[in-house]
Number of protein chains: 2
Amino acid sequence: MKKEIDNKLNLKNIKPTAMRQLVLQVLTEQKTAISLPELEQKFEKADKATLYRTLKTFQEHQLIHSIEDGSGSLRYALCEDFCTCEPEHLHVHFLCNKCGKTYCMKDLPVPQPDLPNGFEFSSANFVVKGICSNCKK
Amino acid sequence: MKKEIDNKLNLKNIKPTAMRQLVLQVLTEQKTAISLPELEQKFEKADKATLYRTLKTFQEHQLIHSIEDGSGSLRYALCEDFCTCEPEHLHVHFLCNKCGKTYCMKDLPVPQPDLPNGFEFSSANFVVKGICSNCKK
DNA sequence: ATAGTTCGTGCAACCGAGTTGCAAACTTAC
DNA sequence: GTAAGTTTGCAACTCGGTTGCACGAACTAT
Ligand SMILES: [Mn+2]
Ligand SMILES: [Mn+2]
Ligand SMILES: [Zn+2]
Ligand SMILES: [Zn+2]
């Protein structure tokens with residue numbers, strides 16, 4: 001739905017260019033987080049740098065969040081509407097060792113461990129690895 | 001202590017070559033986890049590939065573990081003697097946003113979250129980011 | 001409407017971490 | 001000793017990410 005795409009962009013104060021609409025379209029279609037190289041392949045002919053900067057813009061405006069899953073490339077996924085990317089909204093991610101897909105476990109908040117004296121929590125990246133339900137059966 | 005170094009290597013069934021002794025020496029001196037590029041700089045003249053393969057060997061023999069801290073390069077730190085790198089021995093890591101150092105929080109075990117049906121836990125990487133006690137004061 | 005300015009895009013070039021092939025040096029087994 | 005296996009050094013390469021720059025589209029001020 002074209003209208004919804006533009007709506008989302010407007011809500012996050014991102015000027016809805018053609019490129020950005022296309023990228024957001026792709027992002028919305030994903031059930032798992034996507035990397036820049038993967039995103040690149042979704043287009044017949046698209047420039048890496050432009051996609052890179054598009055993702056960067058999206059992230060700066062908290063439309064998407066990035067996940068360091070250790071797979072060699074950063075992965076990106078849509079934030080939930082109410083998300084402000086603050087520590088209390090962080091969730092666990094799951095990387096499947098078999099299919100390589102990275103899932104947002106939106107229902108699993110990242111626990112905030114008791115750090116030693118003097119250490120200050122500001123953010124966290126919690127990636128669980130294993131076999132996903134799809135690869136399991 | 002030269003003897004201790006060789007001892008550790010022997011214990012983990014790693015042939016104690018000169019290179020490996022040197023690398024293990026450096027690793028033991030670190031209070032925070034070290035990356036391959038950082039390790040490279042610790043030597044006047046050392047080959048990246050050799051260091052790389054040395055770290056790989058160490059890891060395969062569970063002398064060290066690697067940490068995906070999202071800093072752009074993998075970090076490595078010594079395992080504790082009893083460590084077998086199994087899920088229950090995993091600990092939290094802390095990356096300081098200021099000095100960039102990565103700490104092993106050996107006293108903080110990685111919690112094992114309740115995954116949805118069909119998802120199987122096999123490993124995890126839990127990195128907390130913030131300001132370390134050294135940068136705080 | 002025009003001119004000036006800002007913004008987005010495309011292309012090429014670059015960087016740095018990690019990785020591999022290969023040959024020389026070294027170690028171990030016989 | 002020689003032969004076989006292992007470790008090392010060097011060079012080359014891959015790949016994700018990032019930047020400089022120039023062109024064109026869009027927006028602003030006059
Ligand atoms: Mn997520
Ligand atoms: Mn550690
Ligand atoms: Zn899977
Ligand atoms: Zn610090």
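These values consider heavy atoms only, across backbone and side chains, with no hydrogens, waters or symmetry-generated copies.
In terms of phosphate contacts, B/Thr17 brings no side-chain nitrogen or oxygen within less than 4.0 Å of OP1 or OP2 of C/dC26. When the side-chain nitrogen and oxygen atoms of A/Thr50 are compared with OP1 and OP2 of C/dG10, one or more of them lie within a distance under 4.0 Å. For the OP1/OP2 pair of C/dT19 and a distance below 4.0 Å, the side-chain nitrogens and oxygens of B/Arg53 include no atom meeting the criterion. At the phosphate of C/dG18, neither OP1 nor OP2 sits under 4.0 Å from any side-chain N or O atom of B/Tyr52.
As rounded to whole Å, 10 Å separates atom P of C/dT9 from atom CG of A/Leu51. We find that NZ of B/Lys56 is positioned 14 Å from P of D/dT8, with the value rounded to whole Å. When rounded to the nearest whole Å, the span between CG of B/Asp47 and P of C/dG21 equals 16 Å. What separates CD of A/Gln59 from C1' of D/dG17 is a distance of 13 Å, to the nearest Å. Atom CG of A/Asn13 and atom P of C/dC7 are 14 Å apart (whole Å). Between the CD atom of A/Glu40 and the P atom of D/dT14 there is a distance of 16 Å, rounded to whole Å. One atom, CG of B/Leu39, and another, P of C/dA17, lie 13 Å apart when rounded to the nearest Å. For B/Leu36 and C/dT19, the CG to P distance is 9 Å, given to the nearest whole Å.
Around atom NZ of A/Lys101, no more than 12 heavy atoms belonging to other residues, nucleotides or ligands sit under 6.0 Å away. Taking a 6.0 Å sphere around NZ of B/Lys12, one finds it holds more than 12 heavy atoms contributed by other residues, nucleotides or ligands. By the 6.0 Å contact criterion, NZ on A/Lys98 is open, its count of non-hydrogen atoms from other residues, nucleotides or ligands being 12 or less.
Between the side chain of A/Lys48 and the base of D/dG17, a donor-acceptor pair under 3.5 Å is found.
Between the side chains of A/Gln21 and A/Gln25, no donor-acceptor pair is found at a separation under 3.5 Å. For the residue pair A/Thr54 / A/Arg20, no side-chain donor-acceptor distance below 3.5 Å is found, with atom types taken as modelled.
The nearest heavy atom of DNA chain C to B/Lys15 and to B/Ala49 marks one nucleotide each, and the one closer to the 5' end goes with B/Ala49.
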